[in-house]
Amino acid sequence: MGLLVDGKWHDKWYDTAKHGGRFVREDARFRNWITADGSAGPGGSAGFTAEADRYHLYVSLACPWAHRTLIFRALKGLQELIPVSVVHPHMLASGWEFAPDPEPLHGSRFLHELYTRADDTYTGRVTVPVLWDKKQQTIVSNESAEIIRMFNGAFDHLTANTEDFCPIGLLPEIDRINEFVYHRVNNGVYRCGFATTQDAYEEAFHELFGALDELELLLGKSRYLVGDRLTEADWRLFTTLVRFDAVYFCHFKTNQRMISSYAHLQGYLKELYQYPGVRETVNFEHIKQHYFFSHGHMNPARIVPLGPVLDLDSPHGRHI
Ligand SMILES: N[C@@H](CCC(=O)N[C@@H](CS)C(=O)NCC(=O)O)C(=O)O
């Protein structure tokens with residue numbers, strides 16, 4: 001686990017000391033947008049036109065951020081257009097690794113090689129997901145929140161799949177919920193797990209469970225987070241909920257309650273898990289292997305727990 005400094009790999013854990021023991025996630029650095037006509041998107045440069053056989057997605061099946069991109073790739077029928085490579089679940093001294101086989105485009109063994117191929121002076125963390133452009137030989141984006149927005153609309157003219165998880169009229173509410181869920185839930189579990197002081201952990205813990213209580217109330221009245229229509233906001237919450245009982249509850253000490261003990265959140269989680277195409281994007285073997293094995297300072301014997309038994313296939317009972 002580490003980062004690149006001026007294009008050189010350093011094996012180094014997060015520096016929480018400079019934030020009073022709090023884990024603060026770095027902003028992603030590659031922020032271009034694929035658009036239907038190649039015009040610039042909300043950030044970055046123009047020139048990334050939506051085309052077949054041009055882009056490649058690198059993910060970890062363990063990572064909740066990368067998982068969002070796999071879900072949108074499936075929901076939007078992009079599997080043929082955008083091939084995917086999966087890193088090994090164990091992220092060790094050299095960071096994310098392609099094993100047993102190197103990745104197919106350049107024969108790289110490590111994800112950091114793709115970052116330096118795109119920018120040989122890159123400084124920052126080497127994260128998944130990565131959306132690669134074969135034409136310009138660079139990273140389009142390593143920000144999942146933006147990759148899923150591109151997937152939602154940029155390729156519609158090629159796939160004829162016009163399902164819209166970010167309808168314009170609902171965007172302000174989707175963005176409001178995303179902001180709340182990102183800080184308190186998606187990143188909230190990491191803020192609990194990677195805290196290095198008791199105070200930092202407790203602050204994140206209370207924010208997380210306060211948020212889950214609010215979401216439980218909301219989902220008692222509403223089928224989805226933004227009314228009766230499934231939106232991007234739901235998929236962003238889903239990737240954290242689906243890992244919660246299997247990993248975060250124990251490994252990140254987010255152990256006030258399991259998701260399975262909330263009537264509405266659990267039904268909602270099951271409904272999303274059972275949505276066509278989504279179950280296939282969930283890999284509990286990678287999820288558990290990654291967290292419990294990779295974080296040796298948190299779990300020195302690297303024992304991967306066998307439980308808990310999860311029940312995500314039974315009827316979800318959501319008919320609000
Ligand atoms: N903002 C990024 C965050 C991605 C991220 O932090 N991914 C984790 C995996 S769950 C990672 O690759 N971490 C490696 C590291 O921080 O060194 C996104 O949402 O795309």
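Read the numbers this way: they start at 1 and go in the same order the structure lists the ligands and their atoms. What you are looking at is a predicted structure, and each value in this text was computed from that prediction instead of being measured.
Between the Lys76 side chain and the Asp164 main chain, no donor and acceptor come within less than 3.5 Å of each other.
Among protein heavy atoms, atom 17 (O) of ligand 1 sits closest to Arg125 NE, 2.9 Å. Given atom 10 (S) of ligand 1, the protein heavy atom at minimum distance is Cys63 SG, 2.9 Å. The single protein non-hydrogen atom nearest to atom 14 (C) of ligand 1 is Val126 O, 3.7 Å, given as residue, atom name and distance. The closest protein non-hydrogen atom to atom 5 (C) of ligand 1 is Trp65 CD1, 3.5 Å. For atom 6 (O) of ligand 1, the nearest non-hydrogen atom of the protein is Arg25 NH1, 2.6 Å. Looking at atom 20 (O) of ligand 1, its nearest protein heavy atom turns out to be Ser144 N, 2.7 Å. The protein heavy atom nearest to atom 2 (C) of ligand 1 is Glu143 OE1, 3.7 Å. Scanning the protein heavy atoms around atom 13 (N) of ligand 1, the nearest turns out to be Thr127 CG2, 3.7 Å.
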ask   = Does the salt bridge (Lys or Arg N to Asp or Glu O under 4.0 Å) test come out yes or no for Glu143 and Arg29, once each step is laid out?
value = CA-CA 8 Å; Glu143 176 46 58; Arg29 305 279 162 84; over 6 Å; no

inquiry  = Assess the residue pair Glu203 and Arg22 against the criterion (salt bridge (Lys or Arg N to Asp or Glu O under 4.0 Å)); give the C-alpha distance rounded to whole Å, side-chain angles, the decisive distance to 0.1 Å, and a yes or no.
reply    = CA-CA 9 Å; Glu203 179 184 290; Arg22 290 181 189 83; 3.0 Å; yes

task = Evaluate salt bridge (Lys or Arg N to Asp or Glu O under 4.0 Å) for Arg149 paired with Asp175, printing each intermediate quantity in order.
result = CA-CA 12 Å; Arg149 288 261 161 119; Asp175 285 338; 2.8 Å; yes

inquiry  = One pair to check against salt bridge (Lys or Arg N to Asp or Glu O under 4.0 Å): Arg191 and Glu207. What are the steps and the verdict?
reply    = CA-CA 10 Å; Arg191 289 168 54 228; Glu207 284 187 23; 3.3 Å; yes

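Only backbone heavy atoms of Asn142 (N, CA, C or O) come within less than 4.0 Å of ligand 1; its side chain stays farther off.
Residue Tyr190 places a heavy atom under 4.0 Å from ligand 1. The shell of residues lying under 4.0 angstrom from ligand 1, judged by heavy atoms, includes Gly2. Residue contact check for ligand 1: Pro129 places a non-hydrogen atom closer than 4.0 Å to it.
Side-chain contact annotation: Gln289 with His90, donor-acceptor N/O pair under 3.5 Å present.
Close N/O approach between Tyr291 and ligand 1 is not found [any backbone or side-chain N/O within under 3.5 Å]. Checked by distance only, ligand 1 and Arg68 stay at 3.5 Å or farther apart across all their nitrogen or oxygen atoms.
Using cut-offs of 30° and 60° on the angle between ring planes, the pair Phe252 and His295 is parallel. Note on ring orientation: taking the six-membered ring where Trp is involved, the planes of Tyr58 and His56 are tilted (angle from 30° to 60°). Between Trp132 and His106, the ring planes lie perpendicular to each other; the angle is over 60°, past the 30° to 60° tilted range.
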